[in-house]
Amino acid sequence: MIANRAVQLEGMLAAQGIDESAPELIETLSRAVARADRKEGFGSVCQHYFYLRQQGVGREAALQQLKEARLARPGNRVLHG
């Protein structure tokens with residue numbers, strides 16, 4: 001399912017003129033939101049990433065926004081060191 005969603009996202013991004021491969025998307029998006037207590041599915045992360053990229057947000061900025069959105073959700077603990 002993850003591979004299928006990544007291929008779908010690759011095609012959606014390509015239609016917007018954005019060149020990112022499915023394997024790269026799997027690795028990058030998984031790393032961006034990786035946490036043991038993660039509740040959202042890969043599909044919802046892909047959708048959020050697509051919307052950001054479609055709006056003209058750059059790759060690194062979009063990944064950062066995904067990380068920040070993940071930490072800001074209610075019930076997520078942010079550890080301060």
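The minimum heavy-atom distance linking Ala62 with Arg53 is given by the pair CB-CD, 3.9 Å. The minimum heavy-atom distance linking Ile26 with Ala3 is given by the pair CD1-CA, 4.0 Å.
Here CZ of Phe50 is found 11.5 Å from CG of Leu25. Values are rounded to the nearest 0.5 Å. One distance of note links CD1 of Ile2 with CG of Leu29; it measures 10.5 Å at 0.5 Å rounding. Here Leu66 contributes atom CG and Thr28 contributes atom OG1; the two are 11.0 Å apart, rounded to the nearest 0.5 Å.
Within the structure, every pair that satisfies the salt bridge (Lys or Arg N to Asp or Glu O under 4.0 Å) test and touches residues 56-65, not counting sequence neighbours, is listed here: Glu20-Arg59, Glu24-Arg59.
Contacts of Glu10 classified as salt bridge (charged side-chain N to carboxylate O under 4.0 Å, His left out), with partners at least two apart in sequence or in another chain: none. Contacts of Gln54 classified as side-chain hydrogen bond (donor to acceptor under 3.5 Å, both in side chains), with partners at least two apart in sequence or in another chain: none. Taking Arg5 as the reference, nothing meets the salt bridge (charged side-chain N to carboxylate O under 4.0 Å, His left out) condition, with sequence neighbours excluded.
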- Start with the C-alpha gap between Gln16 and Met12, add the side-chain angles, then the distance that decides, and say whether side-chain contact (heavy atoms from CB on, under 4.5 Å) holds. CA-CA 7 Å; Gln16 300 293 316; Met12 292 165 58; over 6 Å; no

- Taking it one step at a time, do Leu63 and Leu52 satisfy side-chain contact (heavy atoms from CB on, under 4.5 Å)? CA-CA 9 Å; Leu63 294 172; Leu52 291 170; over 6 Å; no

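Between the side chains of Gln55 and Tyr51, no donor-acceptor pair of N or O atoms lies under 3.5 Å.
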